[in-house]
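Here is how names work: the chains are called A, B, and so on, in the same order as the sequence lines, proteins then strands, and each is numbered from 1. What's counted below: heavy atoms across the whole structure, side chains too, no hydrogens, waters or symmetry copies.
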2 protein chains.
Amino acid sequence: MLNRTRPFSHVLEQLRSVNLRPTRQRLALAKLLFEKPDRHVTAEALHKEAAAEGARVSLATVYNTLHQFTEAGLLKEITVDAGCSYFDTNITSHHHCYDEDTGALMDIPAQHLQVVGSPAIPEGKSIRRIDIVVRVGE
Amino acid sequence: MLNRTRPFSHVLEQLRSVNLRPTRQRLALAKLLFEKPDRHVTAEALHKEAAAEGARVSLATVYNTLHQFTEAGLLKEITVDAGCSYFDTNITSHHHCYDEDTGALMDIPAQHLQVVGSPAIPEGKSIRRIDIVVRVGE
DNA sequence: GTGTTTGCAAAGTGTTTGCAATTTA
DNA sequence: TAAATTGCAAACACTTTGCAAACAC
């Protein structure tokens with residue numbers, strides 16, 4: 001049986017470990033985000049999705065929650081478009097394909113694309129991460 | 001002698017070829033952008049720079065001009081930060097190092113960093129470009 | 001002169017914030 | 001009950017747009 005009856009124990013634990021109370025709003029958003037794998041959402045899109053499911057969550061709370069989840073390591077924030085943040089539920093190392101026409105963001109498994117070489121970086125700084133974005137269109 | 005006495009003939013030609021009249025504002029911005037190599041500017045920053053030089057150019061015109069230059073192939077638009085566009089005068093193929101603390105954007109020569117592998121992309125789409133961003137911080 | 005470009009101010013978009021009311025532990 | 005969280009509306013930062021005046025050809 002294991003954890004079948006507690007589908008969000010992982011999220012619950014993670015929230016607990018970073019002192020985020022499992023409120024109705026956070027649980028509803030977590031359900032939407034983590035029930036299916038490898039989701040890429042914008043705040044606006046997640047807000048609409050929640051509304052469509054009948055979960056009353058304000059847009060401000062969606063923003064707060066996405067940032068809190070990101071800080072907690074449950075999400076990764078992806079920048080592919082100025083003026084709109086994406087959040088990725090796949091927190092493992094990988095890259096992205098961005099459709100500039102539709103705004104769709106897709107994962108590219110780490111093993112499909114690799115960076116060769118080591119760039120010079122400024123004195124006293126360290127690499128936080130290396131992002132590859134494959135931009136596609138018609 | 002060649003073109004020594006006409007330092008902006010290249011830009012003038014480019015502007016002409018895409019039907020952009022060489023106005024006082026466009027020439028002032030081109031001077032700031034192309035006199036030094038490999039510049040990375042935001043609209044706001046370029047606007048301030050122009051003002052500091054005594055060139056009266058409105059912010060709206062800076063935005064318009066940056067986009068027109070980008071369409072003309074004189075600039076490349078770089079997305080590294082949601083909510084702020086960078087424009088790069090280096091239009092050759094290369095990559096970027098972004099300092100998340102200071103907002104500084106630096107070039108990484110193409111030969112220092114390469115992508116290995118070929119990602120699956122959606123049916124009917126083609127790759128417009130592949131960007132690598134090395135994010136650094138303290 | 002004719003069509004293009006500019007500057008302003010207003011509008012737009014995505015995001016953050018202040019704070020009173022609500023909820024959690 | 002004490003502390004955290006929420007929702008609203010206002011504030012924000014960056015960018016775009018509408019339109020009359022100025023400019024380029």
Keeping the roles fixed (side chain from [X], backbone from [Y]), state whether a donor-acceptor pair exists under 3.5 Å.
| X | Y | value |
| --- | --- | --- |
| A/His47 | A/Val57 | yes |
| A/Arg26 | A/Arg21 | yes |
| A/Lys76 | A/Thr92 | yes |
| B/Arg24 | B/Arg56 | yes |
| A/Tyr98 | A/Asp81 | no |
| B/Arg135 | B/Val80 | yes |
| B/Asp101 | B/Glu138 | yes |

Checking B/His40 against B/Asp107: is there a side-chain donor and acceptor pair closer than 3.5 Å? yes
Between [N] ([atom2]) and [X] ([atom1]): distance, integer Å:
| X | N | atom1 | atom2 | value |
| --- | --- | --- | --- | --- |
| A/Arg16 | D/dT5 | CZ | C1' | 14 Å |
| B/Leu20 | D/dC23 | CG | C1' | 15 Å |
| B/Glu44 | D/dC14 | CD | C1' | 7 Å |
| B/His47 | D/dA13 | NE2 | P | 16 Å |
| A/Leu27 | C/dT24 | CG | C1' | 12 Å |
| B/Asn19 | D/dA24 | CG | C1' | 13 Å |
| B/Arg21 | C/dG3 | CZ | P | 10 Å |
| B/Leu15 | C/dT5 | CG | P | 10 Å |

Please determine whether a side-chain nitrogen or oxygen atom of [X] lies at a distance below 4.0 Å from atom OP1 or OP2 of [N].
| X | N | value |
| --- | --- | --- |
| B/Arg26 | C/dT6 | yes |
| B/Thr61 | C/dG7 | yes |
| A/Tyr63 | C/dT16 | no |
| B/Gln25 | C/dG7 | yes |
| A/His67 | C/dT16 | yes |

Can you run through DNA chain D from 5' to 3' and write each base as (, ), [, ], | or . depending on how it pairs? Watson-Crick or G-U wobble, both distances under 3.5 Å. |||||||||||||||||||||||||
Do A/Leu74 and A/Leu32 sit in the same hydrophobic cluster, where Ile, Leu, Val, Met, Phe, Trp and Tyr count as joined when their side-chain heavy atoms come under 4.5 Å apart? yes
Taking only heavy atoms on the protein side, list every residue of residues 71-89 of chain B lying under 4.0 Å from any atom of DNA chain C, sorted numerically. none
Starting from the 5' end of DNA chain D, give me the residue, B/Pro22 or B/Ala60, whose nearest nucleotide shows up first. B/Ala60
Please tell me which of B/Thr23 and B/Asn64 maps to the more 5' nucleotide of DNA chain D, matching each residue to the nucleotide holding its nearest heavy atom. B/Asn64
Could you tell me if the ring centre of B/Phe87 sits under 6.0 Å from that of B/His67? yes
Candidate nucleotides D/dT15, C/dT6, D/dT5, ranked by approach to the side chain of B/Leu59 - the nearest: D/dT15
